Amino acid sequence: MLQKKIIFTTLVSLALTLSVSVSASADLDDSLPFLWPLPAQFTSGNDTVSVDPALSLSVSGNGGHSTIVREAFDRYRKIIFKHSFNGFSVFRGIRSGFDIGKLNIVVHSESEELQLGVDESYSLLVAKNDGRSIIGEATIEANTVYGALRGLETFSQLCSFDYGTKSVQIYKAPWYIQDKPRFAFRGLLLDTSRHYFPVNTIKQIIESMSYAKLNVFHWHIIDEESFPLEVPTYPNLWKGAYTKWERYTVEDAYEIVNFAKMRGINVMAEVDVPGHAESWGAGYPDLWPSATCREPLDVAKNFTFDVISGILSDMRKIFPFELFHLGGDEVHTDCWDSTPHVKQWLRNHNMSAKEAYQYFVLRAQEIAISKNWTPVNWFVLNYANAISIFKEETFNAFAENLNPKTVVHNWLGSGVCPKAVAKGFKCIYSNQGFWYLDHLDVPWDRLYTAEPLEGINDSTKQELVLGGEVCMWGETADTSNVQQTIWPRTAAAAERLWSRRESISSGNINITALPRLHYFRCLLHRRGIQAAPVTNFYARRPPVGPGSCYEQ
């Protein structure tokens, strides 16, 4: 968001980038587990295990027969055996007697409900049959289908195609992994207002999120530039789209939500009010205070809140996730004071424009809560030039009036989450200094070391931090370059949100993390994701010369 961003004029020293050196050899360090994100607990051995390209699935448990599990197995089977034809190696006759011929998946719960905090834990065992044990298979055990999905991703990363034997092998077996996420909310924001993204592009992004075990797709659908979503109750709203070809139908939105669910990813929609809403007036000009005051939305008219209620009612039929983002940031209320009917309304209600802003935010929250949603709002701290009332000197007073269900979304400054949780609010971390992907001069290691719990030492308060998300604001990104902007830096934040803090915060990350991130970037390439080089000074830049994928 161009208004939202602080321009960083002091560039990181070139030495910061050059200090990240990689061996000239493309050989990988066998002492590292080439898994991303790093599992919570794992042990490995020294065996090499071969995997049959005709790998079969055996399911058990109350949830074992879920379509989500079966379709995921089919997807991963194609990924693992992409060098095979219809699941069978063209040269299968050169080898027989594979060690792993079956993948057992045990899912204990039959529930497929996907909400914040769903159990994503799993265990994974891969062992070689030594003639004395019946174990010659791989087993994933999970309490829910979504834990099984995370286990399948890990299993797929263990599988590696050997070009010498033309077979899929798992090195360093036996593997025993017990894994679970550190945070319940691990998100990626995509802005589809500044540039339109076709449905297939959105689905590709969601697919790529699952590879890094992210689980919330924050869909920033609408903003001041365009209103691309169909709203049946107010059908003229999407006249605010750039063109008639750059729109999302209700059916498109359903398709995206269902596609995401099959990958264990929630879709959190956002309708940013009362600012960032000029596009609404293209279809309903009465939402503008005047022809020269096109945002914030008109606080003086009940029609404004009728439209918001209609939008949220229609969207509630599409988006089952319990969180709904109401924006609320960067509201410049000056033109309210200069618009005669709004000025009169303020006088009649004995309100200042800033008090009316608070009134608007709280009323929008009430509407969302009435639809059985938990409201999320952007909050700012220590932004000296902000006109927003969410400044430090007024944060406390405003917080007293917020609905206690409010989730505080920290986008600027490191002090918001500590203050929010101190008052009992839940918080999502997205400090723009590190996790705004359109800031192309922020290197991978700064995303990797950014800590959502910074400044929060009380364990009971730490539990109020739901997690965090990286934000792909769309002013300078469209389908031509969005994946290169998202990846691989998003993977750095993904490991911070999934893996144990003590495991990824010790040692030299250029040794413990960087080679694994290079490997994950190349894994993304093999899966068709256009991930940019890891260590270029500016993100999404192409390679500067020839070289191995594992060194760029």
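Here the structure is a predicted model, which means the values were calculated and not measured. Keep in mind that the numbers below use all heavy atoms, side chains included, and drop hydrogens, waters and symmetry copies.
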Does the side chain to side chain contact (heavy atoms under 4.5 Å, CB included) test come out yes or no for W444 and R521, once each step is laid out?
CA-CA 12 Å; W444 77 273; R521 181 232 176 187; over 6 Å; no
Can you tell me if S50 and D99 form a side-chain donor-acceptor pair at under 3.5 Å?
yes
W378 vs W473 aromatic rings, parallel, tilted or perpendicular, using cut-offs 30° and 60°?
tilted
Nearest 0.5 Å, what's the CG-SG distance between L103 and C159?
9.0 Å
Validation row, ring centre W245 to ring centre Y196 under 6.0 Å
no
Can we call the ring centroids of F321 and W219 under 6.0 Å apart?
no
Cation over ring, R527 on Y76, under 6.0 Å and within 45°?
no
Salt bridge (charged side-chain N to carboxylate O under 4.0 Å, His left out), that's the test. Do R516 and E495 meet it? Break it down for me.
CA-CA 11 Å; R516 293 188 300 107; E495 182 156 284; 2.6 Å; yes
Can you sort out the partners of C522 under disulfide bond (SG atoms under 2.5 Å apart), two or more places apart, ordered by chain and number?
C549
Shortest non-hydrogen contact between I205 and S208, atoms and distance:
O-OG, 2.7 Å
Heavy-atom nearest pair, A260 first then V267, reads CB-CG2, 3.7 Å
Do H108 and E141 meet the criterion of a side-chain donor-acceptor pair at a distance under 3.5 Å?
yes
Evaluation steps, salt bridge (charged side-chain N to carboxylate O under 4.0 Å, His left out), between E451 and R182:
CA-CA 12 Å; E451 175 49 53; R182 181 183 173 207; 2.7 Å; yes
Could you measure the distance from the CZ atom of F324 to the CH2 atom of W373? Nearest 0.5 Å is fine.
4.5 Å
Which word best sums up how the rings of Y519 and Y550 line up, parallel for under 30°, tilted for 30 to 60°, or perpendicular for over 60°?
tilted
Whether Y429 and W435 hold their rings parallel, tilted or perpendicular, with breakpoints at 30° and 60°
perpendicular
N46 atom CG: more than 12 heavy-atom contacts under 6.0 Å:
no
Quiz item: cation-pi between R263 and F259, 6.0 Å / 45°
yes
Working to the nearest 0.5 angstrom, can you tell me the gap between E153 CD and R75 CZ?
10.0 Å
